[in-house]
Amino acid sequence: MKIVLASRNQDKYKEIKDILKHTKVELVSAEEFNVPEIIEDGATYFENAKKKAFYTSTHTQLPAISDDTGLEVFALGKTPGVYSSRYAGKNASYSDNVRKLLREMQGKTDRRARFVCVCVLCFPDGTFYQTRGEIRGIITKEPIGRGGFGYDPVFYIPELKKTFAELSLEEKNKISHRAKAFKKMAQLIEKLEPEK
Ligand code: IMP
């Protein structure tokens with residue numbers, strides 16, 4: 001099934017393409033369709049993900065899939081959460097956000113956190129499906145590793161004794177919040193496909 005990824009984030013596209021590589025999903029980038037920018041102003045991951053998928057599906061007349069993700073840090077009341085991309089301001093870079101997070105975490109002993117990913121698949125007639133994935137970890141005191149993107153260098157997975165940024169794409173895609181949400185969605189699509 002040909003599905004448009006409702007995101008312009010190339011880091012996510014690379015991961016999702018790899019996660020879905022052995023499934024029936026033929027993923028195409030929204031960039032191929034000149035989909036106008038979609039403002040993420042929802043109060044929840046689901047609202048944002050649904051808005052992106054619905055808009056992209058209507059615009060392209062193809063099924064569209066989206067991902068809305070946040071980092072939730074327990075000592076900071078589960079923030080930045082839905083505001084993860086603009087934590088340090090409207091046009092903040094990944095490193096601006098990481099610097100702000102490390103500043104806010106100075107002196108905190110509880111460093112538990114989790115990534116939450118909500119995936120929404122939407123069809124042009126408005127039918128939609130959602131899945132969710134999460135992974136728990138620990139916020140490090142400084143960035144470690146050069147891979148991944150976003151908050152990966154400060155997200156440590158105790159079982160692997162590594163941050164996300166120290167993992168290869170394949171390793172991250174075995175355990176990540178995004179992999180869990182998208183693999184569940186791929187299973188759901190397998191069941192849907194005969195009727196569509
Ligand atoms: P979005 O709103 O879903 O595009 O993502 C929010 C922000 O969360 C992104 O700008 C990244 O900073 C961060 N983020 C999303 N996914 C990941 C990930 O897998 N690792 C690290 N940071 C991520």
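Note: hydrogens, waters and symmetry copies are ignored here, and every other heavy atom, side chains too, is used. Start at 1 and go down the list; that is how both ligands and their atoms are numbered.
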Asn9 and Ser7: CA distance, side-chain angles, deciding distance, side-chain hydrogen bond (donor to acceptor under 3.5 Å, both in side chains) verdict = CA-CA 5 Å; Asn9 182 324; Ser7 171; 5.3 Å; no
request  = Would you check if the side chain of Arg111 reaches a backbone N or O of Thr140 as a donor-acceptor pair within less than 3.5 Å?
outcome  = yes
ask   = Given Phe128 and Phe54, is the ring pair (Phe, Tyr, Trp, His ring centres under 6.0 Å) satisfied, shown in steps?
value = CA-CA 8 Å; Phe128 70 90; Phe54 181 74; 8.8 Å; no
request  = For residues Ile138 and Pro158, determine if any side-chain heavy atom of one lies less than 4.5 Å from a side-chain heavy atom of the other.
outcome  = yes
inquiry  = If we ignore hydrogens and angles and just use 3.5 Å, is the side chain of Lys12 paired with the main-chain N or O of Asp67 as donor and acceptor?
reply    = yes
request  = Non-hydrogen atoms closer than 4.0 Å to ligand 1: which protein residues do they belong to? List them by chain and number, please.
outcome  = Lys12, Glu40, Asp67, Asp68, Thr69, Ser84, Ser85, Tyr94, Phe115, Phe149, Gly150, Tyr151, Asp152, Lys172, His177, Arg178
Side chain Gln187, main chain Lys184, donor-acceptor under 3.5 Å = no
